[in-house]
K.L.:
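Here it is, the structure, as structure tokens.
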Amino acid sequence: MKSMNPGYLSFVLITILFILLASGWKDILFRGLSQTSILLFFIGWFAAGWFDVSAGGVNLRLTAPFLLLLAIWGTWKLDTLGQMGHVWMAGCMLGLLDLLMQELNGWNLAFAQALPAIGPVLALVLLTLVTGRHWLWQFIAITVGLLAAECVHAWLHRHSMPGLIIGGPVFSDHWWYVFGVCRGLTVAAEQSVRAGANAVRRYTGHWKQGED
């Protein structure tokens, strides 16, 4: 299979998301989030992706601190300290699993051949779904986990992988892939449960009418 250029997968997934949002899926995918907030997110995402800073031999793309700031802001939107702690602990667990996959060279191989990454991604997604079905919980856990794994991986390989960019195109592909699959599975499960419940209610209603 031909390798995909880093950044191409995230571009495709962002395009798909734009189409879904334009088709009226906003309240299904991101209930409670305003169109202005979504617009500002994408403006910030694309603007941050243009700039890198270097410190201690490590290059940092501003996409990483941009996501981290949003995760911190989203955490303060949660109701209780218990919820805040829960979602960050889930993020740490997610980061440990992601780091393990990176150290086993899972992501290096997977992102050279995008589709085979579905196995490791599903493992991350299933762990994220334990955190909760709300998009904000999933956003925080995925962002915290993947950024933590990215930073630790960069520090461990700072000498063997010169020029490594934290938050670069490979990370963007990874983040969008995990978050996209997570939201997709969540919405599919919720819609299936809703459709099943409606079918049961209709069947029960017809059955009761038949008895009468």
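Keep in mind that what you see is a predicted model, and the values were worked out from it rather than measured.
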K.L.:
If we ignore hydrogens and angles and just use 3.5 Å, is the side chain of Ser37 paired with the main-chain N or O of Leu33 as donor and acceptor?
P.N.:
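No, because the side chain of Ser37 does not come within donor-acceptor range (under 3.5 Å) of the backbone of Leu33.
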
K.L.:
Please tell me if the side chains of Leu29 and Leu17 come closer than 4.5 Å, counting only heavy atoms from C-beta onward.
P.N.:
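Side-chain contact under 4.5 Å: yes.
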
K.L.:
Drop me the distance from Arg183's CZ to Ile28's CD1, to the nearest 0.5 angstrom.
P.N.:
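Spacing of CZ (Arg183) from CD1 (Ile28) equals 10.5 Å.
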
K.L.:
Could you give the side-chain donor-acceptor pairs of residues 61-80 under 3.5 Å, partners two or more places apart or in another chain?
P.N.:
from	atom 1	to	atom 2	distance (Å)
Arg61	NE	Asp52	OD1	2.7
Arg61	NH2	Asp52	OD2	3.1
Thr75	OG1	Ala71	O	2.7
Thr75	OG1	Trp88	NE1	2.7
Thr80	OG1	Gln83	N	3.1

K.L.:
Is the number of heavy atoms from other residues, nucleotides or ligands under 6.0 Å of Leu81 CG greater than 12?
P.N.:
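Counting neighbours around CG of Leu81, 12 or fewer heavy atoms of other residues, nucleotides or ligands fall under 6.0 Å, so no.
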
K.L.:
Is there a side-chain contact between Ile142 and Cys182 in this structure, where contact means two heavy atoms from C-beta onward sitting under 4.5 Å apart?
P.N.:
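In short, these two side chains touch, coming nearer than 4.5 Å.
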
K.L.:
In terms of hydrophobic clusters joined by side-chain contacts under 4.5 Å, are Leu96 and Leu100 together?
P.N.:
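Unlinked, Leu96 and Leu100 end up in two clusters.
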
K.L.:
What do you reckon, is CZ of Phe46 surrounded by more than 12 foreign heavy atoms closer than 6.0 Å?
P.N.:
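It does: Phe46 CZ has more than 12 such atoms within range.
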
K.L.:
What distance separates Glu150 CD from Ile165 CD1, expressed to the nearest 0.5 Å?
P.N.:
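Between atom CD of Glu150 and atom CD1 of Ile165 there are 10.0 Å.
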
K.L.:
When you measure from the side chain of Asp173 to the backbone N and O of Ser10, does any donor-acceptor pair fall under 3.5 Å?
P.N.:
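Yes; judged by distance alone, with no hydrogens or angles, the pair exists.
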
K.L.:
Got a sec, which residues hit ring pair (Phe, Tyr, Trp, His ring centres under 6.0 Å) with Phe18, two or more places apart in sequence or on another chain?
P.N.:
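Phe18: ring pair (Phe, Tyr, Trp, His ring centres under 6.0 Å) contacts with Phe42.
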
K.L.:
Do Phe139 and His134 have side-chain heavy atoms sitting under 4.5 Å apart?
P.N.:
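No, every pair of side-chain atoms sits at 4.5 Å or beyond.
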
K.L.:
Could you tell me if Trp175 and Thr143 have a donor-acceptor pair between their side chains, going purely by distance under 3.5 Å?
P.N.:
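Indeed, the side chains of Thr143 and Trp175 share at least one donor-acceptor pair under 3.5 Å.
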
K.L.:
Hey, what do you get for CD1 (Ile14) to CD1 (Ile19), rounding to the nearest 0.5 Å?
P.N.:
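With rounding to 0.5 Å, CD1 (Ile14) is 12.5 Å from CD1 (Ile19).
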
K.L.:
Quick one: closest heavy-atom pair of Gly167 and Ser172, and the distance?
P.N.:
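So the minimum-distance heavy-atom pair works out to O-OG, 4.1 Å.
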
K.L.:
Side chains of Asp98 and His153 only: does a donor on one sit below 3.5 Å from an acceptor on the other?
P.N.:
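Per modelled atom types, Asp98 and His153 side chains form no pair under 3.5 Å.
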
K.L.:
Is it true that Leu40 and Ile38 fall in one hydrophobic cluster, defined by side-chain heavy atoms closer than 4.5 Å?
P.N.:
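No, Leu40 does not connect to Ile38 through the hydrophobic network.
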
K.L.:
Determine whether the aromatic ring centres of Trp45 and Trp176 lie less than 6.0 Å apart.
P.N.:
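Yes: the rings meet the under 6.0 Å criterion.
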
K.L.:
Could you check whether any side-chain heavy atom of Leu13 comes within less than 4.5 Å of a side-chain heavy atom of Leu9, counting everything from C-beta outward?
P.N.:
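Yes - at least one pair of side-chain heavy atoms lies under 4.5 Å apart.
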
K.L.:
Nearest 0.5 Å please: distance from the CG atom of Leu60 over to the OG atom of Ser54.
P.N.:
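Separation between the atoms: 8.5 Å.
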
K.L.:
Nearest 0.5 angstrom please: Trp135 CH2 to Arg31 CZ, how far?
P.N.:
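Taking CH2 in Trp135 and CZ in Arg31, the distance rounds to 12.5 Å.
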
K.L.:
Roughly how far, to the nearest 0.5 Å, is the CG atom of Leu94 from the CE atom of Met89?
P.N.:
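So the CE of Met89 and the CG of Leu94 are separated by 12.5 Å.
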
